[in-house]
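To start, the structure itself, in structure tokens.
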Amino acid sequence: MYQIVPVAPGEQQTAGGSPMKKKLSHEGRPMVLAGLLGCVLVLAAVVSWCYYSASLRKAQLLKAELLDLNKDGFIIHNMTGAVVFSMTFRSGTLDLDSCSKEGNILSCTQSDSGKLNFFIQTVRPKDTVICYRVRWEELQSKRSVEHAMAYNDSHWYGGAETATQYWPIRIQGEKEPEPFITSDVYSNRDAFGGILERYWLSSNATAIKINDSVPFHLGWSEKDRTLRFQARYQDSPFKPAEGQQALPELSYRVCVGLDVTSIHKYMVRRYFPKPSKVPSPEVFKQPLWSTWALHKTAVTQDKLLQYASDITEHGFTCSHLELDDRYTSDYGEFDFDPQKFPNASGMFDKLREDGFQVSLWTHPFINYDSINFGVAVEKGLFVREPSGELPALVRWWNGIGGILDFTNPEAREWYSSQLHMIKTRYGVTSFKFDAGESSYLPRQFSTMVPLLDPSTFTRRYTEMVIPFSERAELRVGYQSQDISCFFRIIDRDSVWGYELGLKSIIPTVLTISILGYQFVLPDMIGGNAYPNRTTGTSDGKNVLPDRELYIRWLELSAFMPAMQFSIPPWAYDNEVVQIAQKFTELHKTLVAPRVLELAGEVLDTGDPIIRPLWWIAINDEAAYKIDSQFLIGDDLMVAPVLEPGKQERDIYLPAGRWRSYKGEHFDKCPMYLTDYPVDLDEIAFFTWVH
């Protein structure tokens, strides 16, 4: 083997060098260079192969069944390979070199901000469902953790009752994440409502449930088409458990199934509590009659007795009267104002004789001018200021006072005993429990048992209903599906539209049904007739909702689980009275028997009584978007008229054979019926023909 030694310029060749050696030295250089280049290429190929193999192993490491993880988020595929779920990590990125996989758990220990506990655990609870437990827990940083869920061209349902309710959810504008807690959406129309759960469902057959332990905030982006899920303690009403650092943790479960209906059934059976009994069948059959929209706070003994007399006189079945605000002298008292109700005992005797059950309005507040305010202060029954020394004053729609601390057993016992006392004394049937939203808690407060999640206050309040649940009514719910009472949607305005109007009722009832609340009271027929929030007429003192609006509202309510009047039909004319009689009878004979049958099934399944069209029309894109029709069970479909001046509407019939209320048969479905005629005294409904 030759060694090539370069010759310096001007250096002479040593004597005795052979011509052959000279030739080899000149011709060998390219060969050696080629050899070196070959070695380099081989080495590069080996390195590339090693890198590729490592990348392949890392790629395999970052995969779970149907799930792909990267530093910025993860995606989930369905069985056919289509992406059905996407989540982006907005608050940080994973250090993939810190990730490992052991069995069905994929975990990482570092992010770009420091140490964390991150994992995705794959679980197959049944052949047709696959679930992923996801957890991102900061171990050093106290900043927020945020993940953004993409819409993926699907339709989403669930979350919360809202003032402007759409079905499916519409993302409008840009909203920074806010505390996902129960609020009064009548007074704050941008808030989340009094009935909410940390649960969303997609037409892509995916569902997500945020864990109870998360200090959960919700926002969204119309531009990015995402829901923003955030966990934080800073500038938040959520608190860490005593002795724990305020290090945020975002954890949730994502489950994927074969279709939207089956995955929802799985989630409800697995994660939602169920009621233990069905409330009073009579409330499902006969209407409730409330004093509120008719008399507001000006109700008196004479007015109540006259109202009851008018109900009977106009041919309506004596049923359930609801005496609303205000029958006491001051707010926070539990007896009748002797000025307005001079003979309350005699009044109750007369109403019972006439066949009426009577329930009373109640709430968790005691105003500072009530005789019970001093009692509650002395006994320590109120939610307190952060120091725990003084009661925290709150402002609500009827003044200023204290709010009872339902984490305190003594406060629960005192409140319950007051209700039992008035119930026993007058023969009261039950109560309408108003308020209960966590938004009525002071900004800074303390309770006997610390509230890590403010909405736990709502849960504790709903528990007060249990002894009276047969005919009781609530307007709030959080993890309260097992409370066996009626859940009323928030007060409606007497208007046509989606903002607390007639068009909002079906989307709201469908939403809270998906959240597990099935014994629904859809508020008062015609709305609450509040001044400046009513389409109708006014004589300066009284406001009367538009006649056509009232009739269409009445027709829709007849196909809800329960009916509730306040503005009476005879406030209009005899034709409206006849329409009301027709539909209360139709509710009693056609709707209530079916609803009661389904109500019995709720105890085992939690399935909705009022169902969206996609419940029976899976993978039907049209059914996913319809918000003006609904099902009672699987075989009775309702299509009310919800537009002013209309005596026709378009109706979608899903696949199957349907018979109309007029006796028509439709066999070649799915189909649209365009401009289907529906007179003012009619509502379109169809029965599925087996």
Side-chain angles (χ1 to χ4, degrees), residues 157-167 169 178-200 216-218 237 272-273 275 290 292 322 324-325 361-365 383 394-398 403-404 406 431-442 451 453-465 469 472-483 485-493 498-501 504-505 507-524 527-528 530 560-562 564:
Y157 315 92
E161 178 185 20
T162 53
T164 304
Q165 196 93 48
Y166 295 112
W167 179 273
I169 296 168
E178 293 183 0
F180 192 68
I181 57 177
T182 56
S183 302
D184 179 351
V185 290
Y186 194 85
S187 60
N188 181 3
R189 302 207 170 186
D190 293 326
F192 306 113
I195 298 175
L196 58 72
E197 298 294 335
R198 302 168 168 201
Y199 172 71
W200 288 267
F216 182 52
H217 299 66
L218 178 67
F272 289 170
S290 169
W292 176 246
E322 201 167 68
D324 211 296
D325 183 13
W361 177 74
T362 186
H363 55 83
F365 307 103
V383 172
V394 300
R395 183 181 296 277
W396 63 298
W397 66 90
N398 277 327
I403 185 167
L404 291 167
F406 293 107
F431 297 93
K432 170 185 176 176
F433 289 79
D434 214 351
E437 296 90 349
S438 59
S439 58
Y440 284 110
L441 292 168
L451 293 177
D453 175 353
S455 294
T456 304
F457 178 83
T458 295
R459 166 66 199 185
R460 295 290 166 262
Y461 181 57
T462 65
E463 291 166 357
M464 301 309 301
V465 173
S469 62
E473 164 191 331
L474 278 164
R475 79 174 199 188
V476 292
Y478 177 65
Q479 301 176 359
S480 307
Q481 296 94 335
D482 57 341
I483 306 294
C485 74
F486 289 90
F487 287 87
R488 176 177 66 87
I489 63 177
I490 196 70
D491 299 23
R492 301 290 114 173
D493 289 328
Y498 284 103
E499 185 180 326
L500 296 178
S504 71
I505 292 176
T508 303
V509 172
L510 288 174
T511 296
I512 67 172
S513 295
I514 286 297
L515 299 179
Y517 297 89
Q518 312 308 347
F519 307 139
V520 182
L521 191 59
D523 202 43
M524 298 166 199
N528 284 263
Y530 292 126
M560 289 286 153
Q564 185 176 35

Between [X] and [Y], which heavy-atom pair has the shortest distance, and what is it?
X    : Y    : result
P507 : W167 : CB-CB, 3.8 Å
V185 : A163 : O-CB, 3.8 Å
F272 : L515 : CE1-O, 3.5 Å
M524 : W292 : CE-CB, 3.7 Å
Y517 : G477 : OH-C, 3.3 Å
Y461 : A435 : CE2-O, 3.4 Å

[X] side, atom [atom1]; [Y] side, atom [atom2] - distance, nearest 0.5 Å:
X    : Y    : atom1 : atom2 : result
I181 : T456 : CD1   : OG1   : 11.0 Å
D453 : F216 : CG    : CZ    : 11.0 Å
S290 : E473 : OG    : CD    : 8.0 Å
I169 : Y157 : CD1   : OH    : 9.5 Å
I403 : R395 : CD1   : CZ    : 14.5 Å
E178 : S183 : CD    : OG    : 9.0 Å

When you measure from the side chain of [X] to the backbone N and O of [Y], does any donor-acceptor pair fall under 3.5 Å?
X    : Y    : value
T182 : S438 : yes
Q165 : A160 : yes
S513 : V509 : yes
E197 : Q479 : yes
T162 : T164 : yes
T458 : G436 : yes

Kindly state whether the ring of F192 and the ring of Y478 have centres lying under 6.0 angstrom apart.
->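 No, they do not, as the ring centres are separated by 6.0 Å or more.
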Looking at W200 versus F180, is the centre-to-centre ring distance below 6.0 Å?
->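 Aromatic pair counts; centres sit under 6.0 Å.
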Does the pair [X]/[Y] count as a salt bridge with the N-to-O cut at 4.0 Å?
X    : Y    : value
R492 : E161 : yes
K432 : D325 : no
D184 : R475 : yes

Are [X] and [Y] close enough that some pair of their side-chain heavy atoms sits under 4.5 Å apart?
X    : Y    : value
F406 : P364 : yes
I483 : R459 : yes
E437 : N188 : no

Applying side-chain contact (heavy atoms from CB on, under 4.5 Å), run through D493 and Y186 and close with a yes or a no.
-> CA-CA 9 Å; D493 289 328; Y186 194 85; 2.4 Å; yes
side-chain contact (heavy atoms from CB on, under 4.5 Å) between I489 and M560, intermediate numbers included | CA-CA 12 Å; I489 63 177; M560 289 286 153; over 6 Å; no
Could you walk me through whether V465 and C485 pass side-chain contact (heavy atoms from CB on, under 4.5 Å), step by step?
-> CA-CA 8 Å; V465 173; C485 74; 3.8 Å; yes
Would you say R189 has more than 12 foreign heavy atoms packed within less than 6.0 Å of its CZ?
->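 Count over threshold, so yes.
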Name of the residue among F365, W396, F457 meeting ring pair (Phe, Tyr, Trp, His ring centres under 6.0 Å) with Y440 |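 Looking at F365, W396, F457, the match for Y440 under the ring pair (Phe, Tyr, Trp, His ring centres under 6.0 Å) is F365.
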Among L500, N528, D434, whose side-chain contact (heavy atoms from CB on, under 4.5 Å) with D491 holds?
->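 Output: one option passes, namely N528.
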